[in-house]
Amino acid sequence: MRVLIEKDYTEMSKKAALMVAGQVLLQPATVLGLATGSTTLGLYQELIGMYRRGEVDFANVTTFNLDEYYSLGPDHPQSYHYFMYENLFNHINVKAERIHLPSGTAADIKAACAAYERKITEAGGIDLQVLGVGVNGHIGFNEPNPSLPVYTDLVDLTEETIQVNSRFFRSVEEVPRQAVTMGIGTILKARRIILLANGRHKAEAIRKTVSGMVTSACPSSFLQTHPDVTIILDQEAAALLG
Ligand code: F6R
């Protein structure tokens, strides 16, 4: 694992954008795995800026998002579909047919999960996966649990995640209790992974991610088993690293 510690959120986002853009420059038909959330907003703003300045071209890029709330349709303002179009896809030249997000509303959700997993394989697998991390160490919505899904699946959210994510909803009751997420195996199959984290509230999760035992009590710790992971932090998120 490589760990890069940047001065602040802006520098973390710029470093991550350089890596994503570098990947696309080297391999224009790259398959990107993408995350939503506050952490990745700065990265997406940087990528939009680079696209507008003509520094990177997404015309041949394929994307697969990590997760989606179960039962939220693409038009729901808190759905991850909505987030991605608002904050990235509407502002760059990625082709609509190359954008993939798990469905939160498919009639047969299990079949839709299996189909999503197949699509990733058919696209040749993920070249570069972007991750954030939950305060409880979740990646995607792989929550701390005795067992973790290997492939894309429907999972229950923990009470902690429901509380943390309620900041985006009018009330905690509105937060969905389940989500569709790429499994831990889907994530670990990506050829390269970058994980971003900022803020003191992520410091403990980061400590457990980079050192100590691999445990399903902290799903991000499984990244230690991957050969090409770069962790990009601001100083606060790095506060508990020795
Ligand atoms: C979202 C995702 C989650 C977030 C994590 C951190 O697609 O996969 O694992 O990365 O919950 O969220 P923020 O960035 O809002 O702190």
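Both counts, for ligands and for their atoms, begin at 1 and track the order of listing. Just so it is clear, the model here is predicted, and its values are computed rather than measured.
Counting only heavy atoms of the protein, atom 6 (C) of ligand 1 lies nearest to V133 O, 3.3 Å. Nearest non-hydrogen protein atom to atom 8 (O) of ligand 1 is D67 OD2, 2.9 Å. Summary of contacts: the protein heavy atom closest to atom 11 (O) of ligand 1 is H138 NE2, 2.6 Å. Distance from atom 10 (O) of ligand 1 to its nearest protein heavy atom, with residue and atom name: G132 CA, 3.3 Å.
Proximity to G37 (heavy-atom distance under 4.0 Å) selects the following atoms of ligand 1: 14 (O), 15 (O). Atoms of ligand 1 lying under 4.0 Å from at least one heavy atom of L66, given by number and element, are 8 (O).
The pair K119-E122 does not count as a salt bridge, with every side-chain nitrogen at least 4.0 angstrom from each carboxylate oxygen. The residues K202 and D234 are annotated as not salt-bridged, no charged nitrogen and carboxylate oxygen being separated by less than 4.0 angstrom.
Remark: ligand 1 and K202 share an N or O pair separated by less than 3.5 Å (distance only, no angle test).
Paired with M182 under the rule side-chain contact (heavy atoms from CB on, under 4.5 Å), one option of V150, D67, I126 passes, and it is I126.
The shortest separation from a heavy atom of R167 to ligand 1 is under 4.0 Å, placing the residue in contact.
Placement of L72 and I162 within a single hydrophobic cluster is found when ILVMFWY residues are connected by side-chain heavy-atom separations under 4.5 Å, directly or transitively.
Nearest approach of P146 to S216, heavy atoms of both residues: O-OG, 3.3 Å.
The closest non-hydrogen atom to atom 13 (P) of ligand 1, taken over T36, N142, T39, comes from T39. Comparing heavy-atom distances from atom 9 (O) of ligand 1 across S38, G140, G137, P219 singles out G140 as nearest.
For Y151, the OH atom sits in a loose shell: 12 or fewer heavy atoms of surrounding residues, nucleotides or ligands are nearer than 6.0 Å.
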Take Q235 and D8, measure what side-chain hydrogen bond (donor to acceptor under 3.5 Å, both in side chains) needs, and give me the verdict at the end.
CA-CA 6 Å; Q235 288 187 350; D8 55 22; over 6 Å; no
